[in-house]
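Input: a single structure, listed below in structure tokens.
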Amino acid sequence: MPDSPVSIDLGNQLVFLGTGTSHGVPAIGCGCPTCTSDNPRNRRTRCSLVLGLPEGHLLVDSAPDLRTQLLREGIGMVHAVVYTHEHADHLFGLDDLRIFAHYLGSDLPVYCDRQVQDRIRRVFDYAFDPASRAYPAGGVPRLTFRTIGDGQSGNGPIRILGAEVVPIPLQHGRYDVLGYRFGDVAYCTDTNGIPASSVALLQDLDVLILDCLRQRPHATHFSLDEAIETARRLGPKRTLFTHVSHDLDHDATNRALPPNMELAYDGLIVPVGQ
Ligand SMILES: [Zn+2]
Ligand SMILES: [Zn+2]
Ligand SMILES: [Zn+2]
């Protein structure tokens, strides 16, 4: 294993690693028009993105597709991770973070709330076993938690990799999850409700990245109509929809969307002003 990674430098950009719902698109065994489409933009891996910040690359969630996503984009280094919530489609690629602690020569910083941290400690218990931590570097994920939402930081802005990051509390059905604001870009996946106090944190955006699952309403995600209405209410310059299911064909949906709103797609790159 090399000691220093080969990687593109993201600079002030973010890359959509995945834009699909929890099953991914195509869904296993599905013969619907979207899942059998030969349009590459109808191929959606599980939801994640990575940003270039002043002091390195920040990964948002570790989807089950993490390894193939990073290889696909030529991203060989991640310097810190932040989690939106604990669901499997956002978390279960965590074991592939092993290599970054090896490259860093120290534990990988992981920013998340207490609930996500507890889930990680249960699901990836081997990573916190003192015996396995004695393995050679790269054997188990080596993580250092930085808790968001504790008594000290509340939900106010936090500093990650030289940038100010604002946690945005969101409702995801009955779950409390976090979106994040990075400068004039906000990432609000896995939500169907934005509390008034969070609406105040989402003003004057250049880019809003928002959950948009399908046509019909859903218990924990915005439908297309709800997502459009929410984007109109928040008024960003540009809205990109993510966490998209096979219900929405990329080109047909984009043709019908209002101006300045579009479905994101895997590999889409967006500038991030700081
Ligand atoms: Zn999800
Ligand atoms: Zn399908
Ligand atoms: Zn979720």
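Remember, it's 1-based here, ligands and their atoms both numbered in the order they're listed. Keep in mind that the numbers below use all heavy atoms, side chains included, and drop hydrogens, waters and symmetry copies.
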Please confirm if an N, O or S atom belonging to [X], backbone or side chain, lies less than 2.8 Å from the Zn ion (ligand 3).
X    : value
H172 : yes
D190 : yes
H87  : yes

query: Do you know which N/O/S atom name in H90 is closest to the Zn ion (ligand 1)?
result: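 Closest N, O or S atom of H90 to the Zn ion (ligand 1): NE2.
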
field: Shortest-distance N/O/S atom, D89 versus the Zn ion (ligand 1)
entry: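 Result: OD2.
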
message: Do V244 and V25 make a side-chain contact, defined as non-hydrogen atoms from C-beta onward lying under 4.5 Å apart?
response: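 No, too far: nothing below the 4.5 Å cut-off.
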
field: Shortest-distance N, O or S atom of H246 relative to the Zn ion (ligand 2)
entry: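 Atom name returned: ND1.
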
message: What's the separation between atom CG in L257 and atom OG1 in T239, rounded to the nearest 0.5 Å?
response: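 Reported to 0.5 Å precision, the distance equals 9.5 Å.
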
- prompt: In terms of ring plane angle, is the pair F128 and F145 parallel, tilted or perpendicular, where the classes change at 30° and 60°?
  reply: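 Aromatic pair F128/F145 classed parallel.
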
Between [Y] and [X], is the closest basic N to carboxylate O distance under 4.0 Å?
X    : Y    : answer
D96  : R67  : no
R72  : D266 : yes
E164 : R181 : no

field: At the Zn ion (ligand 2): angle between C30 atom SG and C32 atom SG, to 10 degrees
entry: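 Value, to the nearest 10 degrees: 110°.
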
- request: Starting from the Zn ion (ligand 3), look over the N/O/S atoms of H85 and name the nearest one.
  value: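 Distance check against the Zn ion (ligand 3) picks out NE2 in H85.
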
